[in-house]
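Read the structure below first, then the notes.
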Amino acid sequence: MRNYDYTSIEKKWQENWEKNQTFKVSEDSPNPKYYILVEFPYPSGQGLHIGHPRPYTAMDILARKRRLQGYNVLYPIGWDAFGLPTENFAIKNKIHPAKVTADNVATFTRQAKAIGFSFDWSREVNTTDPDYYKWTQWIFLQLFKKGLAYKSEMAVNWCTDCKVVLANEEVVDGSCERCHSAVVRKVKSQWMLKITEYAQRLIDDLEGVDYPARVKASQINWIGRSTGAEVDFATTSGDVLKVYTTRPDTLFGATYMVISPEHPYIEKWSGGLKNLDEVRAYQESAAKKSDFERSEIAKEKSGVKLNGVSAVNPVNGEQIPIFISDYVLMSYGTGAIMAVPGHDTRDWEFAQTFGLPVVEVVAGGNIQEAAFTDCETGTMVNSGFLDGLSVEDAKIKITEWLAEKKLGTPKVNFKLRDWVFSRQRYWGEPIPMVYCEKCGWVPIPESELPLKLPEVESYMPTDTGESPLAALEDFVNCTCPKCGGSAKRETDTMPQWAGSSWYFLRYCDPFNNKELISEERLNYWTEEGAIVNWYNGGMEHTTLHLLYSRFWYKFLYDIGVVKTCEPYAKRTSHGMILGEDGQKMSKSRGNVINPDDIIREYGADGLRLYEMFVGDFEKAAPWSTSGIRGCKRFLDRVWGLQEFIVKNEGDGNEYSPGLRSAFHKVVKKVTHDIETLKFNTAIAALMSLSNEIYAAKSINHAELSAFLILLNPFAPHISEEIFESAGLGILNKQSWPKYDEDLCKDEQVEIVVQVNGKVRAKAVVSSGCDKSQMLETAKIALGDSLNGKTIVKEITVPDKLVNIVVKG
RNA sequence: GCCGCUGUGGUGGAAUUGGCAGACACAAGGGACUUAAAAUCCCUCGCUGGAAACAGUGUAACGGUUCAAGUCCGUUCAGCGGCACCA
């Protein structure tokens, strides 16, 4: 027997697959389709991270299994290649970002191929390819035409280090998701996408898809739906101050109002304000604060009373003061609130600070001590016609009352904000819009797509908040497509999330330059309410890419480009691979593992097997060098199985009697475990089976074939090699082994014999025997230990256990 | 604060969903082979007592349901993730 020379074996099979285009998929197959998707990587300069192979191997296992099960499998890959790190690297090293991208893609490709992923490389897409981003731009134009893309002057999140605007989703704990630098507010004119228009559907349609509960919960949480009412408060200035509240039932307890420091009424009222200087000073200090400072919870409530204007509580006619305070956000609801200090914690704190009256309108707590916010148990008091009602009933009654008096309407609100879609950087898709003094914002004609990124001298971001493209006069100056007059191009580019919001569609028809995707291809790949059957990706994208791409897909559905309203039928999420020290891998911690080193030392199959064996796929797992050694040891033993190969007796297709049930059981286990992402237990079952074969010192062709096919998705190279050298043919042309439920059972089974729930003996019975036989055997096994005791109860579980309950 | 999740040996983790807790590995210890080491193979391996058979005990803590609880229910503690001055 040859040595297990994994390096040359892996190379041999990778070349074989490439030459034979083994994993190339076409639409003319008679087999049922199955579309498996992994998140395409951002090709960074560091090369493939040791964490990448975890999800990619998992879905590769599924893809290989599905092919062996007779499906026409699409398992594609591509590159999400626009982005800041590439641009920054290009600036630092004075290389064009396109060149940096090409180099990085080459490295990633080499590494991915070396791990033996069964991607269909012929469908590779790259978001920075003009033939690709032509369609990203096209989608933007459709959004604009439907009024879902608009330019707006607004306070945005500005990363001081990246010098770029961030979407809300990209701000984590007040700092930049990517570089962790401080994020400040900056007023800028930005392209926005109306994702809020889809908020309700993004919640509702989660019902029909198979996502992990935590993913659904996160998205619902992020969208943040609440129900309540908008209520109009008249002011002494003769205006109507509209507020949003989830607790209209507490209206009688509203003793003051608060508006955001950015509220437009402040300008309107400025003439009549006696303390305008104080108000202005507060507005300024609020504007200076970063989002993080402003949202710090522990801090004291601050604010300024507006002297010279007050409001009237519509239910009881009482005059109440109006304050400005930064605890009221302009971006949520109406930017103004009615304050009910008795029943809202923030209002209570504010009232304490400013010595404002606290009125109890829901009995059940102690409002001297703290706000009583419970909606379940309280009873309405001090509330006129609401007195005596439960909170729930009071909400209904007051809402009806408000509607009748035309003072308020029921209202649903969302925390979700529109998506800030402009980035002031070079390396992104140009936004295909021009600004004309006469016509305003005008889309460029679709025939001019793609609007290519021009070559520039300097990619340096600017502190002024302008894109580097703004310095290019040839690019900026253009003619208005509508009136032919002179106009200027938009110089901001799209965020990285743009290209990834629809890439899975392009895989179905990657070279179509007439349409985003052809009708024919779309029909072929769409089924059962979605296009992608199974999408695996990181939890960190739950409220970013996953939400964005659902939004775009719904939009494409609305304009008739796709056939279903959800893109992904099933979503799963993998855990991270941590460093050996249990910390996140990072250069600064010095705990980074390089996949190239691992492949050299343990082989691609060893790496794949280890990453699948390391633990629960959905949980984070620390890297372990001795752990991968164990997996390599198993592969060595698999190689060693070749010593025990014997010719089958009989017709040559049968498992040997001694291993028959073991094989059926393992086929069943591996078949099911892959579907539920329990790769670790599937591998454990294969290890056990291998140990049994070692004990038997014999494996016939039927057994070897089944064993190798089961192992193949996990360790494709070694399994193909042994399969071939045993004269069994080409493994990837075989079909997935079947199991027989009846043959999974052993003829004799060991049962546990308990007395009063404690194990007292073991016994062997024939499988499936009846209750009386089990009891009889159990009593023999117990011997005379039951003497003198009264049997109270006898419990039997078929093929498992007998429990005899005794007294005395 | 709200929402979601998790807690099992020295370690990663199993346990057909209520039926022998610790599968499969890793680490450790002992042995075989070797001049030696590596590799490989064999044995031991939750804790307590015992030479052993075995007995007791044990799944974060306490309580409950049940013939039977890691699994179900209640309370508490600890940790992780998401949201968060969102009215």
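Numbers restart at 1 for each chain; the letters A, B, ... are given by sequence-line order, proteins then strands.
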- Item | Protein proximity profile, nucleotides 20-27 of chain B - base contact B, sugar-phosphate-only contact S, no contact -, cut-off 4.0 Å on heavy atoms | B--BBSSS
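Expressed to the nearest 0.5 Å, how far CG of A:Asn803 lies from CD of A:Glu794 amounts to 10.0 Å.
One P atom belongs to B:rC26, the other to B:rC42, and the distance between them is 12 Å to the nearest Å. Atom name P, nucleotides B:rC24 and B:rC41: the rounded distance is 15 Å, in whole Å. Rounded to whole Å, the C1' atom of B:rG4 lies 29 Å from the corresponding atom of B:rG9. Rounded to a whole angstrom, the distance from the C1' atom of B:rU59 to that of B:rA78 is 16 Å. Comparing the P positions of B:rU16 and B:rG49 gives a spacing of 33 Å, expressed to the nearest Å. Using P as the reference atom, B:rG29 and B:rA37 are 14 Å apart when rounded to the nearest Å. Across the C1' atoms, B:rA23 and B:rA60 are found 23 Å apart, a figure rounded to whole Å. Rounded to whole Å, the P atom of B:rG70 lies 32 Å from the corresponding atom of B:rG1.
Here B:rG50 is in the anti range [glycosidic angle more than 90° from 0]. Regarding the sugar-base torsion, B:rU17 falls in the syn class, its angle being within 90° of 0.
Under the 6.0 Å cut-off for aromatic ring centres, A:Tyr6 and A:Tyr602 do not qualify, their centroids lying 6.0 Å or more apart. For an aromatic pair to be called close, the ring centres must be under 6.0 Å apart, and A:Phe323 with A:Phe350 satisfies this.
Note: NZ (A:Lys632) to P (B:rA39) measures 12 Å, nearest angstrom. Rounded to whole angstrom, the span from the CD atom of A:Glu611 across to the P atom of B:rG12 amounts to 18 Å. If you measure from atom CD1 of A:Ile223 to atom P of B:rA84, you get 13 Å, rounded to the nearest angstrom. In this structure, A:Glu540 atom CD and B:rC83 atom P are separated by 12 Å, rounded to whole Å. Per the geometry, OH belonging to A:Tyr332 stands 13 Å off C1' belonging to B:rC83, to the nearest Å. Atom pair A:Glu349:CD and B:rA84:C1' shows a separation of 14 Å (rounding to whole Å applied). One interatomic measurement links the two molecules: CG of A:Asn413 to P of B:rC85, which rounds to 15 Å at whole-angstrom precision. In this entry the distance linking CG of A:Asp347 with P of B:rG1 reads 19 Å, nearest Å.
One finds no salt bridge joining A:Lys216 and A:Glu207 here, because no Lys/Arg side-chain nitrogen approaches an Asp/Glu carboxylate oxygen to under 4.0 Å. The pair A:Arg571-A:Glu618 fails the salt-bridge criterion, with no side-chain N (NZ, NE, NH1 or NH2) lying under 4.0 Å from an Asp/Glu carboxylate O.
Along RNA chain B, the nucleotide closest to A:Thr796 and the one closest to A:Lys669 are compared, and the more 5′ of them pairs with A:Lys669. Each of A:Ala213 and A:Pro622 was assigned the nucleotide of RNA chain B with the nearest heavy atom; the assignment lying further toward the 5' end belongs to A:Ala213.
Under 3.5 Å, the side chain of A:Lys301 and the base of B:rC85 form at least one donor-acceptor pair of N or O atoms. The base of B:rC67 lies close enough to the side chain of A:Asn803 for a donor and an acceptor atom to sit less than 3.5 Å apart.
More than 12 heavy atoms of other residues, nucleotides or ligands shown are found within 6.0 angstrom of NZ on A:Lys395.
As the counterpart of B:rU44, B:rA28 is assigned, both hydrogen-bonding distances of the Watson-Crick or G-U wobble pattern falling under 3.5 Å. Pairing for B:rC5 is with B:rG79, a Watson-Crick or G-U wobble pair whose two hydrogen-bonding atom distances lie under 3.5 Å. When both pairing distances are held under 3.5 Å, B:rU34 makes no Watson-Crick or G-U pair with any nucleotide shown.
When all heavy atoms of A:Phe634 and A:Leu711 are compared, the closest pair comes out as CE2-CD1, 4.1 Å. Residue A:Met612 comes nearest to A:Arg54 through the heavy atom pair CE-O, 3.2 Å, listed as atom of the first residue, atom of the second, then distance. In this structure, A:Asp249 and A:Ala394 approach most closely via the heavy-atom pair CB-CB, 3.8 Å.
Residue contacts for A:Thr543: at a heavy-atom cut-off of 4.0 Å it reaches no nucleic acid atom on any strand shown. If you check every strand for non-hydrogen atoms under 4.0 Å, A:Val614 touches sugar and phosphate atoms only. Here A:Arg760 lies in heavy-atom contact (under 4.0 Å) with sugar-phosphate atoms only.
For B:rA15, the OP1/OP2 oxygens have a side-chain nitrogen or oxygen of A:Lys678 closer than 4.0 Å. For A:Ser218, no side-chain nitrogen or oxygen approaches OP1 or OP2 of B:rG81 to under 4.0 Å.
Of the candidates B:rC85, B:rA87, B:rC67, the closest approach to any side-chain atom of A:Asp344 belongs to B:rA87.
A:Asn413 and A:Ser226 form no side-chain donor-acceptor contact under 3.5 Å, judged by distance and modelled atom types alone.
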